[in-house]
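Predicted, not measured: the structure shown is a model, and the values here were computed from it. Every chain is numbered from 1, with letters handed out A, B, ... down the list of sequences.
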Amino acid sequence: MPKTQEPEVKESTDFIRAKIMADNASGRFNGKVHTRFPPEPNGYLHLGHAKSICLNFGVAKEFNGLCNLRFDDTNPTKEDTEYVESIREDVRWLGGDWGDREFYASNYFDKLYEYAEQLIKMGKAYVDDLTADEIREYRGTLTQPGRESPYRNRSVEENLDLFRRMRAGEFADGTHVLRAKIDMASPNLVMRDPTLYRIRHATHHRTGDKWCIYPMYDFTHPLSDSIEGITHSLCTLEFVNNRELYNWVLETLNVYHPEQTEFARLNLTYTVLSKRKLIQLVKEGYVKGWDDPRMPTLSALRRRGVPPEAIHDFCRRIGMAKSEAVVEYGLLEFCIREYLNAHAPRWMAVLNPVRLVIDNYPEDQEDVFEMPLYPDDDSFGSRKVPFTRELYIDRDDFRLDPPKKYYRLAPGQEVRLRYAYFVTCTDVVKDAEGNVQEIHCTYDPASRGGNSPDGRKVKGTIHWVSAKYALPAEVRLYEQLFSVADPNNVPEGKTFLDYINPDSLRTVSARLEPAMAQIRTGETVQFERVGYFCKDRDSTDELPVFNRTVTLRDTWAKIEKKGAK
RNA sequence: UGGGCUAUCGUUCAAUUGGCAGGACACCGGAUUCUGGCUCCGAUAAUCAAAGUUCGAGUCUUUGUAGCCCAGCCA
């Protein structure tokens, strides 16, 4: 019996929630919890972001707090409104509710500029004329301390004048930067006089040409958090080193100080989740766009038919910790099946059709069977399925020479046509090459509805559609985009692109029951015994198109594979 | 050869803070079934290493080992 109830799951307290509870207990933020999800609008959101969304919005909800959506848009050369729109849509799809708190780091540019001047006045920041290469040289190495820039000890007045002229557009890109004056000998390279502002004569997607200097992440992020009154600033592990600077900025400026806590980012087998790689797959045409169903982006998952609930369940199950982990892709598939099994209506579709002729079924006869859209749950309703003398069944459901334990159709073997009749294979028509072209059988009229009054059992039940009434459809069968478990870690001289799975997309012409014309675009259904499929927006009135979301578990394939060994 | 982070079943997350190492996924075996689906039952399976403290260590100490992050005017 499939469960129609959502499974009752006990929430385990991860280290972040434990920390928040401790903060609440000590009254640290007066019991307030306010998080933020801060994507940079320079690409589409993917499963890694989903983890962060579930965390930030989830924590806010659990602790009666709020979560802001904040676009971290400090680099005009990489960002675009196309991305902010997709991000909004994806966060909303996952149920993230940011109310009217849709913020942009670029909203704070004026305030950030004032803070920068304040730092200069405090003698904590200076304008450097070194080139980018020189700055790198002066920074030192992992094992050697850096050297101070010759411009490090300019007067406050000179720094202020220079910084104002940077803002006024007097200087070309790359000629000057504003740097924090911290410690060129710090063992933490982030603290060796980090760059705060750089000159970019570029049009920003929101502020247009108002600015030609733009603040860096390390300066913008803590102050944005502070301005918004964030309590817990949650980010991924690669920012651990930056936390010292995060704290320095807020302490030096003596402003409200949220706490940054880092967690491990998500890695998935058979998947790449780096923005650089995803953008390359799109721009170089390895996939058909950001929402190509083979992509790990949220828009692709949505198009593929993955329900947002499955992604929430996945994010809950992968847990939250500080050790870098690689999660098995199979867990995501499990979550998808788990949800869809309880929610997707059932239909019959034949993906690899072969003709089945029932010799003793009169040519002019037809049956119509009313079948439930979900077994044992009438609330899903039902549909009518026509039955005729000639049907299509799946080639996989017939074997000329059946292996042991093969329960499906084979010469002399009897099976049930789901919800219809028992049939026994009597003959096979082959073409010149010996391929099965047509299967002949006889049916037992007494088994109408799918049960024999004599109590006779059959081992196998197969799905079918009427050849006369079937609807042709295009079905896109997806597999992993990569053929190796870890495409991020490949041998010398190879790249992840060398491991793209050539079979990641296979398109077949299928036959559907006629009533499937009513399935709506974006709806995910089960093709019985095969998998879950989502009607794609490429569908036309003449030709519906379905994307395979995920297969059903296939125990028989496993048994057969084992037998073959 | 600097600093930081991490280390528990195949995978991932736990372990009341020193008291029988547990769950989920995967795998294996079985029951059930008009989906070889679902459901149900069962089995296998781990504390990075060494030494120490202790009646008792995944947890504390010491010394190692391995992996990851940092030398953008990216985030």
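- No engagement by Asn42(A) is indicated, since no non-hydrogen atom pair under 4.0 Å with the nucleic acid exists.
- Residue Phe334(A) has its side chain nearest to A26(B) when only A75(B), A26(B), G37(B) are considered.
- When the C1' atom is compared between G58(B) and U47(B), the two are found 5 Å apart, to the nearest whole Å.
- Side-chain N/O atoms of Arg198(A) include one lying less than 4.0 angstrom from OP1 or OP2 on A75(B).
- Within a 6.0 Å radius of CG in Asp454(A), more than 12 heavy atoms belonging to other residues, nucleotides or ligands are found.
- Atom NZ in Lys78(A) sits about 7 Å away from atom P in A75(B), given to the nearest Å.
- Residue Arg553(A) places its side chain closer to C38(B) than to any other of C27(B), A7(B), C38(B).
- In this structure, Phe533(A) has its ring center no closer than 6.0 Å to that of Trp347(A).
- Side-chain N/O atoms of Arg200(A) include none lying less than 4.0 angstrom from OP1 or OP2 on C73(B).
- Regarding Phe15(A), its CZ atom lies at a distance of 11 Å from the C1' atom of U6(B), rounded to whole Å.
- Glu479(A) and Tyr270(A) share no side-chain donor-acceptor pair at under 3.5 Å.
- A cation-pi geometry, defined here as NZ or CZ lying under 6.0 Å from the six-membered ring centre and within 45° of its normal, holds between Arg147(A) and Tyr138(A).
- Here the separation of U44(B) from G22(B), taken at their P atoms, is 12 Å to the nearest Å.
- Side-chain atoms of Gln526(A) come within donor-acceptor range of the base of U35(B), with a qualifying N/O pair under 3.5 Å.
- At a threshold of 4.5 Å between non-hydrogen side-chain atoms, the residues Arg548(A) and Val530(A) do not count as touching.
- At C73(B), none of the side-chain N or O atoms of Thr131(A) fall inside 4.0 Å of OP1 or OP2 (strictly under the cut-off).
- Distance, Tyr339(A) OH to C38(B) C1': 16 Å, rounded to whole Å.
- A 3.5 Å limit on both hydrogen-bonding distances identifies no Watson-Crick or G-U partner for A71(B).
- Taking atom CD on Glu328(A) and atom P on C9(B), their separation rounds to 13 Å, with Å as the unit.
- Following rounding to the nearest Å, Glu333(A) (CD) and C27(B) (P) show an atom-to-atom distance of 11 Å.
- Between Phe239(A) and Tyr246(A), the gap from one ring centroid to the other reaches at least 6.0 Å.
- Atom pair Arg317(A):CZ and C25(B):P shows a separation of 6 Å (rounding to whole Å applied).
- Regarding contacts with the backbone of U33(B), every side-chain N or O of Lys457(A) stays at 4.0 angstrom or more from both OP1 and OP2.
- At G37(B), none of the side-chain N or O atoms of Arg337(A) fall inside 4.0 Å of OP1 or OP2 (strictly under the cut-off).
- Note: Phe380(A) and Tyr374(A) have parallel aromatic rings, judged against thresholds of 30 and 60 degrees for the angle between ring planes.
- The side chain of Ala321(A) has A14(B) as its nearest neighbour among C28(B), A14(B), G4(B).
- Minimum atom distance to the side chain of Asn341(A) is reached by C38(B), of the listed C28(B), G36(B), C38(B).
- Of the options Phe171(A), Phe163(A), Tyr126(A), a ring pair (Phe, Tyr, Trp, His ring centres under 6.0 Å) to His176(A) is made by Phe171(A) and by none of the others.
- Considering Phe109(A), Phe219(A), Tyr113(A) as possible partners of Tyr214(A), the one that fulfils the ring pair (Phe, Tyr, Trp, His ring centres under 6.0 Å) test is Phe109(A).
- Candidate nucleotides U12(B), C73(B), A75(B) were compared by shortest atom distance to the side chain of Ala132(A), and C73(B) ranks first.
- The pairing partner recorded for U17(B) is none, the criterion being a Watson-Crick or G-U wobble arrangement whose two distances lie under 3.5 angstrom.
- Between C20(B) and U32(B), the distance separating the two C1' atoms is 35 Å to the nearest Å.
- Shown here, U17(B) is classed syn by the O4'-C1'-N9-C4 or O4'-C1'-N1-C2 angle, which is within 90° of 0.
- Taking atom C1' on both nucleotides, G19(B) is separated from G29(B) by 35 Å, rounded to a whole Å.
- A donor-acceptor contact closer than 3.5 angstrom is absent between the side chains of Glu528(A) and Gln526(A).
- Rounded to whole Å, the distance from CH2 on Trp347(A) to C1' on U35(B) is 16 Å.
- Exactly one of Asp554(A), Asp397(A), Thr461(A) qualifies for a side chain to side chain donor-acceptor pair (under 3.5 Å) with Arg529(A). That residue is Asp397(A).
- Out of U35(B), A75(B), C13(B), the shortest distance to the side chain of Asn242(A) is found at A75(B).
- Spacing between C5(B) and U61(B) at atom P, rounded to whole Å, works out to 14 Å.
- Note: Cys425(A) SG to Arg408(A) CZ = 15.0 Å, rounded to the nearest 0.5 Å.
- Nearest nucleotide to the side chain of Lys562(A), out of C28(B), G36(B), U35(B): C28(B).
- Here the side chain of Arg529(A) is nearest to one of G36(B), C73(B), C13(B), namely G36(B).
- Taking side-chain N and O atoms only, Lys404(A) has no distance below 4.0 Å to OP1 or OP2 of G36(B).
- Annotation: Tyr421(A) is in aromatic contact with Phe369(A) [ring centroid separation under 6.0 Å].
- The environment of CZ in Arg152(A) is crowded: more than 12 heavy-atom neighbours from other residues, nucleotides or ligands sit within 6.0 Å.
- With both pairing distances under 3.5 Å, A66(B) is matched to U6(B) as a Watson-Crick or G-U wobble pair.
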For nucleotides 67-71 of chain B, list the nitrogen or oxygen atoms of the protein found under 3.5 Å from its nitrogen or oxygen atoms, one pair per line.
from	atom 1	to	atom 2	distance (Å)
G67(B)	N2	Glu324(A)	OE2	3.1
C69(B)	O2	Asn241(A)	ND2	3.4
C70(B)	O4'	Asn241(A)	ND2	3.1
A71(B)	O3'	Arg139(A)	NH2	3.3
A71(B)	O2'	Arg139(A)	NE	3.1

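- Here, C48(B) and U8(B) have their C1' atoms 10 Å apart, quoted to the whole Å.
- With a glycosidic angle no more than 90° from 0, G72(B) adopts the syn conformation.
- The same atom, C1', is picked in U62(B) and in U53(B); the two are 11 Å apart, to the nearest Å.
- Using N1 to N3 plus N6-O4 or O6-N4 for Watson-Crick, or N1-O2 and O6-N3 for G-U wobble, each under 3.5 Å, A43(B) pairs with nothing.
- Within the 4.0 Å cut-off from OP1 or OP2 of C73(B), not a single side-chain nitrogen or oxygen of Thr175(A) is found.
- Contact annotation for Arg243(A): no contact, since no heavy-atom pair falls under 4.0 Å across all strands.
- Spacing of P atoms, G30(B) relative to A49(B), comes out at 35 Å, to the nearest Å.
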Check nucleotides 15-17 of chain B against the protein and report each pair of N or O atoms closer than 3.5 Å, with its distance, or say if there are none.
none

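- Between the P atom of A26(B) and the CG atom of Asp554(A) lies a distance of 14 Å, rounded to the nearest Å.
- Sequence order on RNA chain B of the closest nucleotides to Leu552(A) and Leu417(A) puts Leu417(A) first from the 5' end.
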